[in-house]
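The structure under discussion appears below in the form of structure tokens.
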2 protein chains.
Amino acid sequence: MGTATHRDEAEAHLRAAGLKVTVQRLAVLDAVAGAGHLDADAVHARVVRELPGTSLQSVYNVLGALTEAGLLRRIEPAGSAGLYERRIGDNHHHVVCTRCHAVADVDCVVGEPPCLVPSDTGGFAIHTAEVTFWGLCADCQREVTG
Amino acid sequence: MGTATHRDEAEAHLRAAGLKVTVQRLAVLDAVAGAGHLDADAVHARVVRELPGTSLQSVYNVLGALTEAGLLRRIEPAGSAGLYERRIGDNHHHVVCTRCHAVADVDCVVGEPPCLVPSDTGGFAIHTAEVTFWGLCADCQREVTG
DNA sequence: CAGTTGTTTTGAATGACTCAAAACAACTCG
DNA sequence: CGAGTTGTTTTGAGTCATTCAAAACAACTG
């Protein structure tokens, strides 16, 4: 079923990246796929549910390896621990709640890429533009105004 | 002279923010004004030069207070410690070198503000857009290609 | 100049993450 | 399919940036 297919795809991705296929890696991939924007601790909590005994250190190792291999993307909004998401190749952006630190994806910015060309690069050879929006998530808006 | 005027302005700013004027705060303000994008340790190093005995903890306290008061701006690019700059009210952006972590200001983005309106905010009430560009600084370009 | 309040210092603690060595599991090849 | 090699996970300890708390102290108030 869906799950089995996911696993197979995950395996293929790991092999393609030259990484050995281990239960820990599959579990981490699963955990991150099942919920966006998790920190190492949250991933660990989920992994342990189906793979008790997995160490937090291993989760760090796996997250590091998968990120380096391009199977995961790591973001690090100011004030939050590193957060991992299953990256879809698109370079989407993020909104972070200034009150509760919830994170959501923002599909893209209106003006399209040209927007993200800085006017004066100060001699830097730029290869990526990262946009982070800050605001209040729906829940926090309610709690603040309510 | 210039320095004296700076001090006077700094004092005025502190008072306006309802903060007591202390030598440590003036020194920190000076240190950050004299060089952009310093982390707490770097600020401390500079402050200690003219005010020996100042503790790192005090520098943290001062940086926190000044940031909260809006006299400094704090940024935290992924992989770097918190960096402080004298904020000029404009919401400018930053370029970070992926090799040596050098940071430079980027005055603004070409397409102007409309650019930074996300297409779908996912229910968030957004109040700030922060753009971080990643690339190689001039020095690192030289070292890599040279 | 004395009192009050906010600030700095000292000392310790936390959280997120990294390092290193030993135990172990995946893939390879005969 | 079984041994070897190499990469992975575990265990245990360490680091760095930052924060917490209480005591010593300095700025503003009157």
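Proteins get letters first, then strands, A, B, ... in listed order; numbering begins at 1 in each. Side-chain atoms are counted along with the backbone in the values below, which use heavy atoms only and exclude waters and symmetry mates.
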Cluster link V103(A) to V131(B), ILVMFWY, side chain under 4.5 Å
no

When rounded to whole Å, the CG to P distance for the pair L63(A) and dT8(D) reads 14 Å

Separation of dG6(C) atom P from L14(B) atom CG, nearest Å, is 16 Å

For nucleotides 13-21 of chain C, 5' to 3', base contacts (B), sugar-phosphate-only contacts (S) and non-contacts (-) with protein non-hydrogen atoms under 4.0 Å give ---SBBB--

The contact string for nucleotides 24-30 of chain D, one letter per nucleotide 5' to 3', using protein heavy atoms under 4.0 Å with B, S and - for base, sugar-phosphate only and none, comes out as ---BS--

### Message
Check this one for me: any side-chain N or O of S58(A) less than 4.0 Å away from OP1 or OP2 of dT9(D)?
### Response
no

*asked:* Is it true that H94(B) and D105(B) share a donor-acceptor pair across their side chains at a distance under 3.5 Å?
replied: yes

Test side chain to side chain contact (heavy atoms under 4.5 Å, CB included), reference R25(A), set T22(A), L29(A), V28(A), output is T22(A)

Ion pair check, E11(B) and R15(B), cut-off under 4.0 Å: yes

Give a yes or no on whether the backbone of A31(B) and the side-chain of E50(B) come within a donor-acceptor separation of less than 3.5 Å. no

Item to complete: Report yes or no: does Q141(A) contribute a side-chain atom to a donor-acceptor pair with the main-chain N or O of L136(A) at less than 3.5 Å?
Response: yes

Might you confirm whether atom [atom1] of [X] has over 12 heavy atoms from other residues, nucleotides or ligands at distances under 6.0 Å?
X	atom1	answer
E68(B)	CD	no
R73(B)	CZ	yes
H13(B)	NE2	no

Could you write out each protein N or O paired with an N or O of nucleotides 28-30 of chain C at a distance under 3.5 Å?
none

In this structure, CG of L83(B) is separated from CD1 of I75(B) (nearest 0.5 Å) by 5.0 Å

